[in-house]
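First up is the structure itself, then whatever we jot down about it.
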Amino acid sequence: MELQPEVGRWDVTPTEAVALQRRLVEQVVLRPPPGLKVERVAGADISTEKGRDTGFGGLVVLDAATLVPVAQAGAAVTLTFPYVPGLLSFRELPIVAEAWKRLTVRPDVVIFDGQGTAHPRRMGIACHGGLLFGVPSIGCAKSLLVGTYGKLADARGATAPITHKGEVVGMAVRTRKGVQPVYVSPGHLMDLPTAVELVLKVSPKYREPETTRHAHRLVNALRRAGGEAAELE
DNA sequence: GCGACAG
DNA sequence: ATCTTGTCGC
């Protein structure tokens, strides 16, 4: 029998998952590696269907300078954990991890569709994923899980700190004028300023990062295809 | 006890 | 997240 590292344990109950997060959070590093150069950025996402128990996940790697896709990988995995606010990683990461194994091009940073430290236990999917893959990561969500923020200007680039229980856990970032902001927080091997800077860089035209948009399109295509071609690169 | 609640 | 049509605004 293989001894599974705790960061890769999915056979847990919701109660055990919470306890596991409290241990894993101690391993998260909220500081980018010295001299980090971001040449390739990846987006991760999954897609599910109401009737089925199969989840489709994928990753798309973009050239950071041009935002053009340079590699991608997908996977179809049976869902084993329900959606529980605060425990999203236990539902989605098993699927993204399978796609990660099939990804031949390694990105310098991975942007997840969800929270990083802006989480009740500071252990959102971006933190968990960054630890699992051993790569710098960022959480960029479309809505808040916890925390509040004040007024922010309507111009693109405007920001407002997200606070929770007395600490800054993330930043509301307006990536497009007159549109609802996205919520950015560091995952692993990352800090808030760097995360905000990168998200703005990869979101030049639309509300969500190009990484997320590409990943979303990929997983939806896989789901509609029924999973027959989930191994495609 | 009541309300909130990433995707 | 997914289920779904049209509609308001730049």
Side-chain angles (χ1 to χ4, degrees), chain A residues 10 14-15 17-18 21 24-25 28 43-59 74-97 99 110-132 137-149 154-156 162-165 169-188 190 192 195 199 205-209 211-227:
Chain A
W10 311 123
T15 298
V18 170
Q21 290 184 322
L24 294 177
V25 71
V28 175
D45 194 18
I46 75 158
S47 179
T48 61
E49 207 159 49
K50 68 173 180 181
R52 206 195 300 288
D53 63 336
T54 297
F56 299 86
L59 290 151
V77 177
T78 299
L79 295 166
T80 60
F81 202 90
Y83 167 68
V84 178
L87 300 178
L88 180 65
S89 62
F90 292 89
R91 179 177 176 74
E92 303 199 345
L93 281 187
I95 310 173
V96 176
V110 176
I111 298 178
F112 288 84
D113 193 358
Q115 317 294 345
T117 56
H119 177 279
R121 291 169 292 283
R122 312 292 180 258
M123 195 58 208
I125 188 171
C127 302
H128 202 156
L131 272 181
L132 182 64
S137 59
I138 295 170
C140 182
K142 298 180 293 299
S143 62
L144 282 179
L145 175 57
V146 295
T148 59
Y149 63 98
D154 64 310
R156 166 186 154 74
I162 297 169
T163 60
H164 180 238
K165 295 183 179 300
V169 297
M171 194 80 86
V173 181
R174 190 94 72 189
T175 52
R176 178 172 179 165
K177 180 182 179 181
V179 171
Q180 282 296 103
V182 288
Y183 307 98
V184 180
S185 56
H188 179 49
M190 182 57 55
L192 186 53
V199 166
K205 189 178 171 74
Y206 301 104
R207 183 195 180 205
E208 297 201 79
T211 43
T212 300
R213 288 163 50 76
H214 276 98
H216 201 275
R217 281 194 307 133
L218 170 63
V219 298
N220 276 318
L222 290 176
R223 176 169 62 76
R224 294 167 195 154

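Naming: A, B, ... by sequence-line order, numbering from 1 per chain.
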Ring centroid separation A:Phe90 to A:His128 under 6.0 Å: yes
Test item: side-chain donor near acceptor, A:Asn220 and A:Ser47, under 3.5 Å: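 Distance-only check passes for A:Asn220 and A:Ser47.
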Residue pair A:Val169 / A:Thr163, side-chain heavy-atom distance below 4.5 Å: no
Residue among A:Leu93, A:Thr212, A:Thr211 satisfying side chain to side chain contact (heavy atoms under 4.5 Å, CB included) with A:Phe112: A:Leu93
Sequence-aligned protein contact record of nucleotides 1-7 of chain B, with B where the base is within under 4.0 Å of a protein heavy atom and S where only the sugar-phosphate is: ----BBB
OP1 or OP2 of C:dA1 under 4.0 Å from side-chain N/O of A:Asn220: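 No, no such contact exists.
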Non-hydrogen atoms of A:Val219 and A:Gly58 that approach each other most closely: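 Heavy atoms only, the tightest pair is CG1-N, 3.2 Å.
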Spacing between A:Lys177 atom NZ and C:dG9 atom P, to the nearest angstrom: 17 Å
Interatomic distance where CG belongs to A:Leu222 and P belongs to C:dA1 [whole Å]: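 So the two atoms are 16 Å apart, to the nearest Å.
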